[in-house]
Amino acid sequence: MEATNKELEAFSYSVSHDLRSPLRSIDGFSQALLEDEGDKVSEQGRDYLKRVRAAAQRMAELIDDLINLSRVTRAEMRLERVNLTEMALSIARELKETQPDRKVEFRIADGIAASCDARLLKVALDNLLGNAWKYTGKHATARIEFGVTGDNGLLAYFVRDDGAGFDMAYSDKLFGAFQRLHAASEYAGTGIGLATVQRIVRRHGGRIWAEGKVDEGATFYFTLS
Amino acid sequence: MANKIIMLVEDNADDEALTVRALKKNNVDNVIVVVRDGAQALEYLFATGMYAGRDVTEMPQLILLDLKLPKVDGLEVLRRLRADERTRLLPVVILTSSKEERDLIEGYRLGANSYIRKPVDFIQFTEAVNQLKLYWLVLNQPAPRNGE
C-alpha cells in the first residue's frame, strides 16, 4: 500500500511537472508569433493561434485539477472540531468579492460544527458553494443556503441554490471525474469539482447525494460519519 | 557602472527561449547568462571547469533557478550556494513547473528568496518575469559585497 502511494506520488509529481512544460511552449510560442508576426497573419490565422493558446491553458487547468483530485485521495487526515458556519461565511465573502455586482443572498445557518479534516472540508465547501455561485450566475438574483438537516439521528449538511439545477435523470453522472452536465461554453469548469467533493466525503465515511430540477436549482447533501 | 547580470539556470531550450524573451521585454541592458545544468551553474559561480579564470567578483544580481536539472539538481545548487561565503547572499528565485509542497518547503528551507511557479499563460509569465526584474534589480537593495 505504501509502495503504491509512493509510486502514485512520483507519478503525479511527474505529471504536474513534465506535462506542463510542453504546454508552456505551445502557449508561449503562439503568443510570440502573435506579437512578432501578427500583422502578417490573417484575421483567421490570429483566431487559430488564440484557439491554440486557449486549448493549452485549458489542458493545464485539467492537469492541475487531476493533481488536486489525487492529492485529496492521498492527503493525511487530521480530525478536529471544525466550525463549518465560519468556514462557509468566509467562502461566501470570497465569492462575493469575485463579482461584487451580483445580487446573491447567502443564508448560512448558525452554529454548524463537525469533527472532520479542516483542510479537506474547506476544499469540499469551496467546491459546493463555488458551484452554487457559478450555476446561479445567469439569474438576476439568487439565494444560496448552507445548513444541516437531521433524519434518523444522522446529520446531513446541505448546500442549496436556486440556479440552473439539473435533470435528475443524470444525477448519477454528477460525481464522475470529467463528467459535465453543461457545455463548457455555458458554464466554465473542468468537471472535477464534485468528484473531488465525493472523495472527501467518502474519506470521512460519509455519503453525498443531490436533488435538483432544471432551472429551479440544486441541493447537495452530505454526511460525515 | 557594469551591467547587471541575470543568471538563468534552465535545461529546457524552449523554456530558455521564452524566459529570455520575457527578460528582454521592456529592458535590454541586462546581461543574461544561461547555463543548462546544475554543474555548469556551480562552475560559473565559482569560476571552475569551463569557467575557470572568470572574475568571481562579478556575481549575478539575480539567479533564476529551475529545480529539475541534469547532473546537479536545483535544490543541490541552492544548498551549495548557501554554504559558500562568496554566494551565500545572492538572490535566488526558484522558477519551476512544480508546486509540490515538499519542493516549496525544501526550497525555502535551503534559503531561496522567492518561489515562482511558471504559469502556462505566456502573458502571465512575462508579467511575472517583469515584476521579478523590477523587484530584484531595481527596488531591492542587495547586501554589500565582502570587503566593501
So for atom CZ, which belongs to B/R102, do other residues, nucleotides or ligands contribute more than 12 heavy atoms lying within a distance under 6.0 Å? yes
Does atom NZ (B/K71) have a neighbourhood of more than 12 heavy atoms from anything else shown, all under 6.0 Å? no
Minimum heavy-atom distance between A/S21 and B/N12, given as atom pair plus value: OG-ND2, 3.2 Å
Neighbour count above 12 (heavy atom, 6.0 Å) for A/E76 CD: no
With a 4.5 Å cut-off on side-chain heavy atoms, are B/S97 and A/R24 touching? yes
Is the shortest side-chain heavy-atom distance between B/R21 and A/D36 below 4.5 Å? yes
Using heavy-atom distances under 4.5 Å, tell me whether A/R20 contacts chain B through its side chain, its backbone, both, or neither. both
Quick one: does B/T126's side chain get under 4.5 Å of A/Q31's, heavy atoms only? no
Quick check: are there more than 12 heavy atoms from other residues, nucleotides or ligands sitting under 6.0 Å from CZ of B/R79? yes
Which atoms form the tightest heavy-atom contact between A/L23 and B/V120, and what is the distance? O-CG1, 3.9 Å
Counting neighbours of CZ on A/R119 that are heavy atoms of other residues, nucleotides or ligands and sit closer than 6.0 Å, is the number greater than 12? no
Spell out, as yes or no, whether a donor-acceptor pair under 3.5 Å connects the side chain of A/D27 to the backbone of B/F122. yes
Does atom CD (A/E35) have a neighbourhood of more than 12 heavy atoms from anything else shown, all under 6.0 Å? yes
What part of B/A17 gets within 4.5 angstrom of chain A, counting heavy atoms only: side chain, backbone, both, or neither? side chain
